[in-house]
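Right, one structure below, let's go through it.
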Amino acid sequence: MKIIKLKGREIYDSRTIPTIECQIFLEDGSSFCSSVPEGLTRSSHEAHEMRDGGKRLEGNGVRKAIKVIEEIIAPSLIGLEPNVIEMDQLMIGLDGTDNKEKLGANTMLATSIAILRAQASMFQQEPYELIANLCGAETVTLPFPLINMISGGAHADNNLMFQEFLILPVGTQTFAQAMEHAILFHQRLKKLLIKEGCALVKSDEGAFAPELKDDYQALDLLVKAIDSFKGDCIFKIAIDCAASQFFNRKNHTYKMSDQSATTNDMIEWYAQLVEDYPIYSLEDPLDQDDWAGWAKLMEVMGDQVQIVGDDLFATDPARIWHGIEHGAASAAIIKPNQIGTVTESLQSIQLCQEYGMNVMVSHRSGETCDSFIADLAVGTSSGQIKAGCCINGERLAKYNRLLSIEDQLALSMLDV
Ligand code: PGA
Ligand code: ZN
């Protein structure tokens, strides 16, 4: 089934920033769409995102990227059958730069996901099934969700230093049950915030963004909500510190409230935090280039808590490999738009899995209703996913897609 046309269009994401929708048409009249997110607190090691610049939409327009899809990428794909691995290679060749400067990672990823969907449909497969085939996997598992409940940092207009305070339901048998617990938790936390007199302000990812005394108060609120279940539902806490945001590159210190802290101070402080709270996971606890600090932190608490690299790795296999060699983290965040193609996202995940590093597939703070990352998490059996709070269409698109996949898998097991 050959590709006959590629169309790009400018749409808007959950933060009102323009983004790309790509539609691929096949000769039988079917068509397949995809759209891509954008991050706010980006790693400086992410692949290039193509934007128009200039005055229109404050420079954020994506008309140039759409021209790239229709005038540069389309002529190379039209007349061929959709094949994501081959076509990603073709785009990487057309781009020819180290960081996707010429075509743009956003342009390439939108095209890559649409190709994956078209290819899957040719074989009457779901995207996660094709991903599992591409990875050589015979079985798949659902990930467990890490759900953002309280936001701070650059994602919220409050005084919290950390960017995300997440919870993960533990001990549940199914994804659906984990979501049930998360939804109950969200309702419980909302009541607690009202009781504490906090305004119910929301962040970019839909989490609560209350004005609190400090980050300890956010953690105390989560613990209070957890305790209110009296053991009926068990939750752990995860934090995305996004430490590159409060790292001062000039004097190599971290700004914590009014104080400045060295890497060693930070490590000591995290060690205490992990003692005091039921923390399962710490994401980006240190700056994206503080490799030695990460290795030390792993030595001190790597066996007690999952240490996750997001800005550190930027979904780049070369940086992940460096992290594996230097024992810098025990998990990697996978954000396809940090690297720019489905194929390279799969390479990063497989590299982690081969060397015992955990994988957490992730959305971005500026999202669309595209649910590709849900299929990616299942197809690769990534184990973990974070897609923001359990409200708002663009976040629920991912969680609801996972519910639907779990249901499909249960049905297919009954069929056997
Ligand atoms: P971003 O934030 O999408 O704004 O980069 C998410 C994260 O840091 O995990
Ligand atoms: Zn992060």
Side-chain angles (χ1 to χ4, degrees), residues 13-17 19 35-49 51 60 105-106 109 143 145-157 160-168 202-207 209 215 237-247 270 279-290 294 305-316 319-320 323 328-340 345 348 358-368 370 372-373 376-377 382 384-389 392 394-395 397-398:
D13 74 14
S14 57
R15 244 191 319 239
T16 71
I17 305 288
T19 189
S35 57
V36 289
E38 51 92 29
L40 180 71
T41 56
R42 296 181 204 175
S43 166
S44 52
H45 305 289
E46 294 188 20
H48 176 73
E49 188 183 67
R51 300 236 171 238
N60 286 320
N106 47 345
L109 183 65
L146 289 94
I147 297 175
N148 189 2
M149 290 290 168
I150 299 180
S151 286
H155 285 179
D157 190 18
L160 298 178
M161 178 174 75
F162 290 151
Q163 188 169 286
E164 296 169 25
F165 297 83
L166 312 99
I167 56 108
L168 57 137
K202 301 283 169 61
S203 71
D204 286 354
E205 296 188 0
D215 292 58
I237 295 173
I239 302 175
D240 182 1
C241 312
S244 301
Q245 297 293 314
F246 51 90
F247 182 67
Y270 285 128
I279 295 175
Y280 162 80
S281 185
L282 284 179
E283 179 181 332
D284 282 349
L286 296 171
D287 178 63
Q288 60 191 346
D289 292 308
D290 190 358
W294 280 78
V305 65
Q306 177 176 254
I307 305 294
V308 191
D310 171 10
D311 293 352
L312 178 76
F313 294 137
T315 314
D316 177 353
R319 289 186 71 83
I320 293 173
S330 49
I333 286 275
I334 299 294
K335 293 172 170 169
N337 82 326
Q338 286 181 326
I339 187 79
S345 305
S348 288
N358 294 344
V359 173
M360 192 189 299
V361 168
S362 168
H363 70 150
R364 300 305 302 252
S365 50
E367 267 293 343
T368 71
D370 191 296
F372 165 69
I373 60 162
L376 180 65
S382 70
Q384 305 177 56
I385 190 168
K386 66 166 192 170
C389 193
N392 293 356
E394 77 281 1
R395 313 293 150 185
K398 284 73 168 168

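Below, each value reflects all heavy atoms present in this structure, side chains not excepted, and no hydrogens, waters or symmetry copies. First listed ligand is number 1; within each ligand, the first listed atom is number 1.
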### Query
Can you give me the OD2-the Zn ion (ligand 2)-OE2 angle for D240 and E283, to 10°?
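Value, to the nearest 10 degrees: 90°.
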Just distances here: any N/O of [X] and N/O of ligand 1 closer than 3.5 Å?
| X | answer |
| --- | --- |
| E283 | yes |
| H363 | no |
| K335 | yes |
| S365 | yes |
| R42 | no |

Exercise. Would you call E38 a ligand 1 contact, heavy-atom distance under 4.0 Å?
Worked result: no
Kindly indicate whether the side chain of [X], heavy atoms from C-beta on, has any atom under 4.5 Å from the side chain of [Y].
| X | Y | value |
| --- | --- | --- |
| P37 | D13 | no |
| I17 | R51 | yes |
| L160 | F165 | yes |
| D284 | W294 | yes |

Ligand-residue contact atoms, ligand 1 with [X], heavy atoms, under 4.0 Å:
| X | result |
| --- | --- |
| E164 | 6 (C), 7 (C), 9 (O) |
| R364 | 1 (P), 3 (O), 5 (O) |
| K386 | 7 (C), 9 (O) |
| D310 | 7 (C), 8 (O), 9 (O) |
| L40 | 1 (P), 4 (O), 5 (O) |
| Q163 | 2 (O), 6 (C), 7 (C), 8 (O) |

of all protein heavy atoms, closest to atom 2 (O) of ligand 1 is H155 CE1, 3.1 Å
I need the contact type for T41 against ligand 1. Using non-hydrogen atoms and a strict under-4.0 Å cut-off, is it side chain, backbone, both or neither?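 Both backbone and side chain of T41 come within 4.0 Å of ligand 1.
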Honestly, for D240 the part within reach of ligand 1 (heavy atoms, under 4.0 Å) is side chain
> Just by distance, with hydrogens left out, do E38 and T19 show a side-chain donor and acceptor under 3.5 Å apart?
Replying inline: no
- Any donor-acceptor N or O pair under 3.5 Å, side chains Q245, T41: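 Note: Q245 and T41 side chains miss the donor-acceptor criterion.
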Check: Under 4.0 Å between a Lys/Arg side-chain N and an Asp/Glu carboxylate O for E46 and R364?
Finding: yes
Quiz prompt | Salt-bridge present (D289, R319; N to O < 4.0 Å) | solution =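 A salt bridge links D289 with R319.
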Quick one: does [X]'s side chain have a donor or acceptor within less than 3.5 Å of a partner on [Y]'s backbone?
| X | Y | answer |
| --- | --- | --- |
| D215 | M161 | yes |
| R395 | N392 | no |
| Q338 | T315 | yes |

- Please state whether the separation between the Zn ion (ligand 2) and some N/O/S atom of D311 is under 2.8 Å? no
Which atom of D310 approaches the Zn ion (ligand 2) most closely (N/O/S) |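 Going through the N, O and S atoms of D310 one by one, OD2 ends up nearest to the Zn ion (ligand 2).
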